[in-house]
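What follows is a single structure, written as structure tokens, with notes after it.
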Amino acid sequence: MVLPQSLLAWTGQLMFNALLMSWIIFSHATWHKGHTLAQTVFTCIYLMRMERTSSHAVLNSFCRTLRATCNGVISVVSTARTHEEEDLFTMSFGLPLRDEQDDKCLSILNSVEETISRQLRACKAQALSKKKTLEDLESLQDKPDLEEDYCRALLCRLRFRKHFYHVVMSMRKPHGRGLELARKHVASCLNELSLMLKSREFLKSQSNIMLQDDENCTTASGCQPVGFDVSLNSRLLSPTPPRAVKVLSWSNAIRYFEKLLHDLDVICALSLDPVLENVLHFIVQFQKSVPDLVPRAFLQTLLVQDGKLYGQNLFSDVISRALSLPDIIGDKEFQMNEFVVQLGQLVINLLKILCTNTAWQRRKLGKSLQDWSTISIQLELALKREFGETRNVLHHENMCMRVSKQLLIWTQEHAYWVASRFLTLGFELDLYSPGEYCMVYWYMYVVFTKLIEKMQLRVLASNETSRRKGKKKKDHSKDSARDMTFSSSCLLLQCYVLLSEGLSMMLAVLRNESRSCQLPSIFNTEQERFMQHFDLLQKARVPEHISYYSFKESSSRAGITDLVKYNFFKEIQKITPSLRGSFASEPEKLVELRRIEQVAEHNRIALNIISQVGPGDPSLRISFEFTHHPHFAVAIVKRS
């Protein structure tokens with residue numbers, strides 16, 4: 001392989017800047033998006049023969065820092081096993097990914113950065129004094145008048161690479177010890193990205209080559225990147241025919257890194273709270289931003305380390321906190337209990353599943369329901385075998401009985417939580433057709449109702465335990481604050497119940513009285529579609545005694561009179577004002593509350609129109625759109 005030696009001498013010229021920008025932006029970002037290292041980062045010929053760059057400090061240190069960063073990212077993704085989603089991500093195809101000298105990359109890069117910084121300071125001083133400075137450094141390119149701008153452009157690219165390396169290494173530290181430092185480097189990366197954007201106009205102005213279209217341009221200057229060949233390693237990919245990957249454009253890659261850094265910043269801001277409910281809420285909120293593979297891998301490795309939450313908290317202790325039984329935290333007998341060990345593993349699996357992409361997440365959640373259901377049944381049988389059929393809370397029951405009962409309720413509650421997540425993800429993946437919304441919302445209504453029921457039972461059991469212990473006044477204040485949180489969570493769930501029931505009944509009425517929402521299929525029956533969507537829930541018996549015939553019987557009885565009488569959407573508007581105060585310090589929940597209010601208000605108005613005109617009126621044209629909430633539709637009523 002012949003390397004263009006002339007390029008190595010152009011330490012600060014435009015083409016070298018374009019080369020650095022290409023490494024930083026389009027090749028690295030394209031790799032993160034799921035393509036192979038061989039066809040993205042290693043399309044740079046200098047990475048293939050690093051020894052040829054040893055006499056050129058800028059190029060050599062930059063390449064080594066880039067390669068060390070790639071190694072760090074691969075390690076995190078491999079540990080999290082999220083690479084199964086894009087299984088080519090970690091394959092190196094025999095390329096040189098490691099070298100002993102890579103450990104010294106930062107010291108060389110810092111030295112290079114200082115040299116260019118001195119050059120920049122000399123340029124500024126010369127511009128102010130209109131004379132040669134004492135430092136009289138040799139110009140790094142052919143046009144001294146452009147030295148300052150080239151130094152700025154080169155510095156922000158070198159610093160971005162350095163800070164991004166620090167982000168990766170800091171976030172890999174165990175127990176979340178490097179999160180605060182990583183967050184500082186994330187801020188520095190974002191600052192350097194903004195400086196890159198500012199330098200683009202200058203680099204464009206110095207280009208003598210006709211600029212490419214912005215969507216196809218892969219460098220800041222618009223010039224073709226020098227030292228790259230997209231077909232360089234195409235024949236290494238033995239399972240596929242030789243081909244070149246279409247890399248991201250420069251502007252798209254900049255946007256990718258901005259989003260990546262914002263996602264990593266959200267992870268770094270995590271408080272390492274050992275309360276499982278808060279952890280689950282954080283992951284669900286984080287997934288709403290649709291993070292890519294790399295931040296999801298970092299989140300998973302932070303949450304689960306050495307079989308512990310954050311590498312610090314045993315999952316048996318996490319479960320005991322969720323049961324509001326602080327007395328058994330650290331209890332060896334509880335930790336070694338067969339059911340607690342199994343539940344701990346289920347929680348670990350749940351956290352890992354929630355960190356996968358949406359499609360994988362839904363499929364794995366459906367399959368994991370069988371495990372939650374099985375252990376729930378085993379717990380119930382063990383409880384009956386040990387303590388008989390008694391289910392009510394007794395004053396004389398011992399600690400073992402109380403723990404067993406609360407463990408059963410907690411397990412059932414999380415089984416329904418997993419089921420609710422499984423159902424709502426179907427909307428995000430666009431798996432349901434409009435003709436199936438009725439059955440989906442009916443099933444969601446049943447699951448949310450059961451979830452509230454189990455949540456309330458857990459709170460009651462927790463309060464009973466606290467009452468027996470005769471807690472101090474200070475502890476009672478903590479309990480009252482916790483109960484307020486639980487009651488607000490139950491009220492929010494009640495809004496979901498009312499929305500689901502209201503939409504299900506509205507759709508059933510339209511099917512029964514106007515046939516407008518009943519779309520016959522020549523490929524399968526309604527019962528077959530019911531089983532296709534809910535087979536995994538049915539096998540896990542979540543909930544019990546629910547079948548297609550239950551849905552059919554419920555929907556066939558729906559009438560406009562009952563729908564107007566109960567007016568589920570109006571009931572929601574009575575609940576939401578009391579929740580605003582509870583969620584005053586939680587902006588994300590306030591946003592969710594506003595969405596619920598909008599869906600309820602629009603559907604209330606649509607229901608009034610339908611009831612006045614009559615659902616059977618042939619002039620009515622009713623459709624459902626997700627304009628205000630990703631999971632709950634809004635009825636759009638028009639008259640032809």
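The chain is numbered in sequence order, starting from 1. All figures in this text were calculated on a predicted structure; none of them were measured in a lab.
- A distance of 10.5 Å separates CD1 in Ile610 from CD in Glu513, rounded to the nearest 0.5 Å.
- No side-chain heavy atom of Ser271 sits under 4.5 Å from any side-chain heavy atom of Phe282.
- Using a 4.5 Å cut-off on side-chain heavy atoms (C-beta onward), Ile609 and Arg639 make no contact.
- Contact record, Ser368 with Val418: OG-CG1, 4.0 Å, taken as the closest heavy-atom pair.
- Annotation: side chain of Val294 is in contact with side chain of Phe298 (closest heavy-atom distance under 4.5 Å).
- Of the possible donor and acceptor atoms, one in the side chain of Gln406 sits under 3.5 Å from a partner among the backbone N and O of Leu323.
- Nearest heavy-atom pair, Trp372 versus Leu343, reported as atom, atom and distance to 0.1 Å: CZ3-CD2, 4.0 Å.
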Begin from the C-alpha positions of Gln361 and Arg421 and carry the test side chain to side chain contact (heavy atoms under 4.5 Å, CB included) through to its verdict.
CA-CA 9 Å; Gln361 185 182 152; Arg421 180 74 179 156; 2.9 Å; yes
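- In this structure, CG on Asn357 lies 8.5 Å from CG on Leu429, to the nearest 0.5 angstrom.
- Arg296 and Gln287 form no side-chain donor-acceptor contact under 3.5 Å, judged by distance and modelled atom types alone.
- Salt bridge annotation for Lys539-Asp535: present, with a cationic side-chain nitrogen under 4.0 angstrom from a carboxylate oxygen.
- Among all heavy-atom pairs drawn from Met444 and Thr424, the shortest one is CE-CG2, 4.0 Å.
- Note that CG of Leu593 and CD of Gln598 are 10.5 Å apart. Values are rounded to the nearest 0.5 Å.
- Not one N or O on the side chain of Glu625 forms a donor-acceptor pair closer than 3.5 Å with the backbone of Val634.
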Passes ring-ring contact (aromatic ring centres under 6.0 Å, His included), Tyr441 versus Phe427? Steps please.
CA-CA 11 Å; Tyr441 284 122; Phe427 287 105; 5.3 Å; yes
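- Side chains of Tyr496 and Glu592: a donor on one and an acceptor on the other come within 3.5 Å.
- Under the 30°/60° scheme for interplanar angles, the aromatic rings of Phe624 and Tyr437 are found to stand perpendicular.
- Between Leu309 and Phe315 the shortest heavy-atom distance is N-CE1, 3.4 Å.
- When only modelled atom types and interatomic distance are considered, Lys288 and Gln285 share a side-chain donor-acceptor pair under 3.5 Å.
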Between Leu407 and Leu383, does a side chain to side chain contact (heavy atoms under 4.5 Å, CB included) hold up when you go through it step by step?
CA-CA 10 Å; Leu407 204 58; Leu383 191 62; over 6 Å; no
I would like to know whether Leu503 and Trp442 meet side chain to side chain contact (heavy atoms under 4.5 Å, CB included); could you show each step before the answer?
CA-CA 8 Å; Leu503 283 167; Trp442 177 83; over 6 Å; no
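- The aromatic rings of Tyr548 and Phe551 sit tilted, their planes meeting at an angle between 30° and 60°.
- For the side chain to side chain donor-acceptor pair (under 3.5 Å) with Glu413, the lone residue among Lys450, Lys454, Arg458 that qualifies is Arg458.
- Ser619 and Asp617 are linked by a side-chain donor-acceptor pair at a separation below 3.5 angstrom, with hydrogens and angles left out of the test.
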Leu379 and Gln412: side chain to side chain contact (heavy atoms under 4.5 Å, CB included), yes or no, with the steps?
CA-CA 10 Å; Leu379 271 168; Gln412 293 171 336; over 6 Å; no
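- For the atom pair CG of Leu264 and CE of Met171, the computed distance is 5.0 Å after rounding to the nearest 0.5 Å.
- Checking Gln532 against Glu528 by side-chain atom types alone, no donor-acceptor pair falls below 3.5 Å.
- Taking the side chain as every heavy atom from C-beta outward, Thr449 and Leu493 never approach each other to under 4.5 Å.
- Here the straight-line distance linking atom CG of Leu314 with atom CD1 of Ile319 works out to 10.5 Å at 0.5 Å rounding.
- Checked for salt-bridge contact, Glu597 and Arg580 meet the test: a charged N lies under 4.0 Å from a carboxylate O.
- Within a 6.0 Å radius of CZ in Arg541, no more than 12 heavy atoms belonging to other residues, nucleotides or ligands are found.
- Atom CZ of Phe626 has more than 12 neighbouring heavy atoms from other residues, nucleotides or ligands inside a 6.0 Å radius.
- A side-chain donor from one of His533 and Glu436 sits under 3.5 Å from a side-chain acceptor of the other.
- Taking the six-membered ring wherever Trp is involved, the centroid distance between the rings of Phe534 and Phe530 falls below 6.0 Å.
- Proximity of Leu607 to Asn603: side-chain heavy atoms (C-beta onward) are nowhere separated by under 4.5 Å.
- A donor-acceptor contact under 3.5 angstrom links the side chains of Tyr443 and Gln538, judged on distance only.
- Side-chain atoms of Asp273 come within 3.5 Å of backbone N or O of Val275 as a donor-acceptor pair.
- Of all heavy-atom pairs spanning Leu491 and Ser578, the tightest one is CD1-OG, 4.2 Å.
- Listed for the Ser316 side chain is no donor-acceptor partner under 3.5 Å among the backbone atoms of Gln335.
- Separating the CZ atom in Arg81 from the OG1 atom in Thr79 is a distance of 10.0 Å, to the nearest 0.5 Å.
- Between the side chain of Asn524 and the backbone N or O of Arg529 there is no donor-acceptor pair closer than 3.5 Å.
- Side-chain atoms of Asn512 come within 3.5 Å of backbone N or O of Ser555 as a donor-acceptor pair.
- Between Leu431 and Leu425, every side-chain heavy-atom pair lies at or beyond the 4.5 Å cut-off.
- Inspection of the Asn349 and Gln345 side chains reveals an N or O donor paired with an N or O acceptor under 3.5 Å.
- Of the possible polar contacts, none joining the Gln370 side chain to the Lys367 backbone as a donor-acceptor pair under 3.5 Å is found.
- His175 places a side-chain N or O within donor-acceptor distance of the main-chain N or O of Gly311, the cut-off being under 3.5 Å.
- One finds no salt bridge joining Glu258 and Arg255 here, because no Lys/Arg side-chain nitrogen approaches an Asp/Glu carboxylate oxygen to under 4.0 Å.
- Under the 3.5 Å distance criterion, the side-chain polar atoms of Arg604 are left unmatched by any main-chain donor or acceptor of Phe569.
- A donor-acceptor contact shorter than 3.5 Å is absent between the side chain of Asp317 and the backbone of Asn313.
- Contact check on Lys552 versus Glu526 returns a salt bridge, with a Lys/Arg side-chain nitrogen under 4.0 Å from an Asp/Glu carboxylate oxygen.
- Note on Lys259 versus Asp263: salt bridge recorded, some NZ/NE/NH1/NH2 to OD/OE distance being below 4.0 Å.
- Here the side chains of Val290 and Thr358 are not in contact, with every heavy-atom distance at 4.5 Å or above.
- Looking at heavy atoms from C-beta onward, Leu299 lies in side-chain contact with Phe286 at the 4.5 angstrom threshold.
- Annotation for Val564 and Ser611: closest pair CG2-CB, 3.6 Å, computed over non-hydrogen atoms.
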